[in-house]
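To keep things clear, I will list the structure first and then write my remarks on it.
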Protein chains: 2
Amino acid sequence: MDFELKILGSSSATPSFDRHHTAQVLTIGNQINLLDCGEGTQMQLMRYKVKHQRICNIFISHLHGDHYFGLAGLLSTMHLQQRTTPINLFGPKGLAEILTLQFKYGGTQLPYKVNFFEVDTTVSRKIYEDKTMTVHTLPMLHRVPCCGYLFREKEKPRHLLKNKLPSFLTPAQLVRLKWGEDIYNEAGEVVVQNADVTTDPKRSRSYAYCADTRYKEDILPLVQGVDLLYHEATFDNSLLHRADFTFHSTAEQAATLAHKAQVKRLLIGHFSARYKELNLLLEEAQAVFPNTMLATEGKTISVLE
Amino acid sequence: MDFELKILGSSSATPSFDRHHTAQVLTIGNQINLLDCGEGTQMQLMRYKVKHQRICNIFISHLHGDHYFGLAGLLSTMHLQQRTTPINLFGPKGLAEILTLQFKYGGTQLPYKVNFFEVDTTVSRKIYEDKTMTVHTLPMLHRVPCCGYLFREKEKPRHLLKNKLPSFLTPAQLVRLKWGEDIYNEAGEVVVQNADVTTDPKRSRSYAYCADTRYKEDILPLVQGVDLLYHEATFDNSLLHRADFTFHSTAEQAATLAHKAQVKRLLIGHFSARYKELNLLLEEAQAVFPNTMLATEGKTISVLE
């Protein structure tokens with residue numbers, strides 16, 4: 001099953017010509033999720049051939065424009081292109097009010113349902129669940145209410161060893177074996193030991209999206225051991241004071257968090273427009289956490305099972 | 001003096017990959033005016049090397065997203081890049097309310113003043129005047145309140161023929177000559193005939209920006225004889241019924257208006273995403289009004305004195 005992240009933009013507040021504002025597409029199985037939606041996201045979706053009509057869920061981290069000014073336009077385009085499938089929209093207080101006002105003055109009545117879920121950015125809560133994944137909020141520390149999002153595949157069924165399965169098993173019993181149970185007879189005796197006929201399931205993958213934030217270690221237990229951590233790295237460490245003042249992080253801080261949380265891979269982004277070349281930030285992070293990548297536009301990162 | 005129009009975008013509601021939403025830059029002398037501000041305008045300004053800090057006035061035609069969803073982002077970027085110069089913003093009811101709400105939730109306090117002027121889109125009124133130009137609204141007929149804008153250079157001073165000017169003239173008398181007066185002595189007799197010492201001034205140029213609208217002839221007297229007329233041409237004439245239904249115009253209709261108004265040049269834009277090639281629209285318009293151009297991105301049109 002796919003578990004793939006595509007970067008559409010990674011520029012901080014001021015866009016530079018070849019770097020767009022924050023937006024990411026996370027595909028888990030058939031589910032396409034959009035994470036933040038900076039200005040121009042609908043054009044970036046076209047550029048990178050992501051079909052916006054297939055997006056099921058949109059997660060907005062906070063109400064700074066570089067993270068959501070493309071949302072009203074994207075929802076309008078879905079409308080103009082005859083979308084009828086409902087969409088789930090997660091974001092902080094204020095988002096629904098702004099969109100409602102924009103659509104009121106635009107005389108727009110969307111022909112599909114937007115299920116809006118206002119998230120509490122101050123706590124980690126499960127806000128979404130379907131057959132394949134769960135999503136939890138990750139409280140961030142920024143100038144306005146802001147949260148990240150943690151995506152986890154659900155536990156997968158055990159693998160059945162077909163050549164070892166007794167023929168008398170019913171479909172219901174096969175399902176129980178897949179979920180780790182033994183099979184009993186009416187007398188309560190084990191007739192099939194799960195360990196004899198199954199092997200461990202494929203592992204469940206995870207992605208933590210840490211949007212704009214000061215460095216904060218209290219999220220360590222929440223992102224411990226994730227397969228892929230995105231963490232903002234607006235500045236290099238010589239601008240630590242500025243990072244602190246503006247409630248952002250440095251590349252070294254992002255890497256320190258990745259190291260302490262023992263994640264598998266780190267992706268840094270939200271680069272200040274002052275950096276034409278990004279090697280400085282990459283090298284600073286890699287010195288602390290070698291398995292670091294830059295969230296450059298168009299990059300696709302697959303997490304293998 | 002410059003009188004120059006630069007096209008930043010000319011796509012209708014749905015953007016296509018290489019055509020952005022509506023935005024135009026009109027330079028008159030030292031004044032840089034932005035006409036509409038679709039999503040991505042701040043990136044288009046960068047692409048075409050227009051310094052956004054030099055924009056004095058922004059005119060928004062209506063509150064469909066393809067004409068203003070880039071505005072909050074542009075104003076934010078001006079803020080982040082330390083603008084302190086006030087800016088004038090003209091637009092219909094609702095625009096200030098939307099921006100105020102966005103900036104409230106973004107925790108944004110602009111360090112420069114936005115002088116907002118709510119325009120009545122149902123009448124033609126003078127809404128702006130400075131040393132070099134006047135701006136009038138042009139009522140459009142669209143699904144939401146919508147107006148175009150008419151830009152006219154003010155009357156220019158007459159040209160003084162230096163070798164014919166008597167030496168006794170005072171500076172104040174020279175100014176009077178520039179504005180067409182004769183010079184009298186204390187007895188009330190003409191001592192210098194204006195026609196003897198001046199020639200006609202350079203002519204005053206004009207640009208009419210007709211945003212989204214059904215074809216409507218009642219604006220003919222308002223745009224009569226302008227140097228350059230922009231008129232939307234969303235569809236070709238085979239889709240006349242659709243144009244009418246969606247309150248848009250066809251290329252033939254735009255050209256008919258240009259012909260009847262006896263304008264000097266016509267510029268058509270706001271092309272539907274269904275047209276990959278635009279020759280069909282251009283040829284349709286040129287059949288009625290030969291001096292027609294396409295509003296393609298990056299095009300610059302100078303109106304000569």
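Every chain is numbered from 1, with letters handed out A, B, ... down the list of sequences.
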- Message: Heavy-atom pairs under 4.5 Å with chain B: which of A:Ala273, A:Gly107, A:Ala72 has the most?
- Response: A:Ala72
- Message: I'd like to know if the side chain of B:Glu39 reaches the main chain of A:Glu39, judged simply by a donor and an acceptor atom lying under 3.5 Å from each other, with no hydrogens or angles considered.
- Response: no
- Option in A:Ser76, A:Gly65, A:Gly70, A:Pro145 with maximal non-hydrogen atom pairs under 4.5 Å from chain B: A:Gly70
- Message: Taking CZ in A:Arg274 as the centre, count heavy atoms belonging to other residues, nucleotides or ligands within less than 6.0 Å. Is the count above 12?
- Response: yes
- Distance (rounded to the nearest 0.5 Å) between B:Ile98 CD1 and A:Thr100 OG1: 11.0 Å
- Pick from B:Gly40, B:Pro92, B:Gly38 with the largest number of heavy-atom pairs that fall under 4.5 Å of chain A: B:Gly40
- Which region of B:Leu101, side chain (C-beta onward) or backbone (N, CA, C, O), has a non-hydrogen atom less than 4.5 Å from a non-hydrogen atom of chain A, or is it both or neither? both
- Task: Answer whether the closest heavy-atom distance between the side chains of A:Gln42 and B:His21 falls below 4.5 Å.
- Result: yes
- Message: If I measure from the heavy atoms of chain A, does B:Gln81 come under 4.5 Å with its side chain, its backbone, both, or neither?
- Response: side chain
- Item | Taking every non-hydrogen atom, the tightest pair across A:Gln102 and B:Tyr68 | CG-OH, 3.6 Å
- Item | Pick from B:Arg143, B:His67, B:Lys93, B:Glu97 with the largest number of heavy-atom pairs that fall under 4.5 Å of chain A | B:Glu97
- Item | Neighbourhood of chain B inside residues 114-123 of chain A, taking heavy atoms under 4.5 Å as contact | none
- Using a heavy-atom cutoff of under 4.5 Å, enumerate the residues of residues 50-64 of chain A that contact chain B, numbered in order, or state 'none'. A:Leu63, A:His64
- If one checks every heavy atom of A:Thr41 against chain B at 4.5 Å, the contacting part turns out to be backbone
